[in-house]
Protein chains: 2
Amino acid sequence: MTATPLRLDDFLPYRLSVTSNLVSDHVAGAYRSLFGLSVPEWRLVAVLAEADGLSQAAIGERTRMDKVSVSRAARALEGRGLVTRLADARDARARALSLTDAGRGLHALVAPRAKAMEAAIFACLDPAEATQLKVLLARVEASLTAADPTAGSAADKK
Amino acid sequence: MTATPLRLDDFLPYRLSVTSNLVSDHVAGAYRSLFGLSVPEWRLVAVLAEADGLSQAAIGERTRMDKVSVSRAARALEGRGLVTRLADARDARARALSLTDAGRGLHALVAPRAKAMEAAIFACLDPAEATQLKVLLARVEASLTAADPTAGSAADKK
DNA sequence: TGATATTGGTATCAACTGAAACCATTTGTG
DNA sequence: CACAAATGGTTTCAGTTGATACCAATATCA
């Protein structure tokens, strides 16, 4: 028996990559043109709005960005007066990141816009389908990180 | 009423990006270490195995890669003796790409491996779910490309 | 306590990517 | 036919990215 030939169009890693890039480009363009934010910067703002005072390492873990990206985004945002990076009293190496008032203001501006974009992009799915999509993606992600614990983490590679 | 706050972990563009990057990295690492192929190169081989003799522009359309990436991948593969690029008799600008025997041989090696990886990565989904995932992704992709016809195409920008 | 390994964060560098400029050819269109 | 516009491909260049090396501070442990 011949194995069914591989059709690129049916190949899930390919499909996933194409769709994801399409969405990313779309969203990234909006952040950039409307707010001058890169995606890493936006992620940082978003996560700090949820949990203030995180260290860069903690942010890296939550957002699955590597520490170099976090560092760059953090400095850029600090330069724009959107976040502060206070020395941590307990650990002189670490810096606790917080949104400034300006940062909080920006977040208040960006967040609704982001939700609107999400709604627009995924308007082609009904709510149950959108949930289903999230669930499936989460399962894939979990299984993949379980298989390779070092994958995508911000932890130093051995 | 206060809008529900944006939780990054629930934000679909973010989820999609994280999962896709995880899968991509996983797969790309395998292509590279096992066969010395980059993802663009692998896509080119895969698409030529399905339809031989395509022009680079046609490949770009099918794989959603821009023409620079296609050009680079094509030249790299030609350099390795995996594809030929014959001058098209009808259009002296175009080149018809074909897999050489070696290219075909490599594809015969890579394809099963790719399918096995796909199976392993998505083993956490039952077949119906995998299909559902493809369907949902395709819908998102279609709606997004309909909204912005220039997105992701290899066509020259105006 | 000192030696060693770890960890938070930054700097550096090489690779990848895509936009724009470019060349050569082909396709309109008068 | 001639000339503008469009198309296939390549080159160039600038921006982004992540691996690696690195520095400083902390943790571990004899």
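First the proteins, then the strands, lettered A, B, ... as listed; each starts at 1.
Only at 4.0 angstrom or more do the heavy atoms of residues 29-42 of chain B sit from any atom of DNA chain D, so none qualifies. A heavy atom closer than 4.0 Å to some atom of DNA chain D occurs in A:Arg72, these being the qualifying members of residues 70-87 of chain A.
For A:Arg32, the salt bridge (Lys or Arg N to Asp or Glu O under 4.0 Å) test picks out no residue, with sequence neighbours left out.
When the nucleotides C:dT10, D:dG8, D:dT26 are ranked by their closest atom to the side chain of A:Arg95, C:dT10 comes out on top. Here C:dG18 is the nucleotide among D:dT26, C:dG18, D:dT10 with the atom lying nearest to any side-chain atom of B:Ser69.
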>> Let's go through A:Glu141 and A:Arg64 carefully: what are the C-alpha distance in whole Å and the side-chain angles of both, what is the deciding distance for salt bridge (charged side-chain N to carboxylate O under 4.0 Å, His left out) to 0.1 Å, and is it a yes or a no?
In response: CA-CA 12 Å; A:Glu141 186 188 337; A:Arg64 294 201 155 285; 3.3 Å; yes
>> One pair to check against salt bridge (charged side-chain N to carboxylate O under 4.0 Å, His left out): B:Arg93 and B:Asp91. What are the steps and the verdict?
In response: CA-CA 5 Å; B:Arg93 298 165 300 180; B:Asp91 185 336; 2.7 Å; yes
>> B:Asp9 vs B:Arg15, test: salt bridge (charged side-chain N to carboxylate O under 4.0 Å, His left out). Steps then yes/no.
In response: CA-CA 7 Å; B:Asp9 275 345; B:Arg15 284 259 71 89; 3.8 Å; yes
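Every pair passing salt bridge (charged side-chain N to carboxylate O under 4.0 Å, His left out) that includes a residue from residues 123-138 of chain B is listed here, sequence neighbours excluded: A:Arg139-B:Glu129. Judged as a ring-ring contact (aromatic ring centres under 6.0 Å, His included), the pairs with a partner in residues 36-76 of chain B (not counting sequence neighbours) are, in order, B:Tyr31-B:Trp42. The salt bridge (charged side-chain N to carboxylate O under 4.0 Å, His left out) contacts involving residues 44-53 of chain B comprise A:Arg7-B:Glu50, B:Asp52-B:Arg104, where partners must be two or more places apart or lie in separate chains.
Distances shorter than 4.0 Å separate some side-chain N or O of A:Gln56 from OP1 or OP2 on C:dT10.
A distance-only check finds a donor-acceptor pair linking the side chain of A:Thr100 to the backbone of A:Ala102 [under 3.5 Å].
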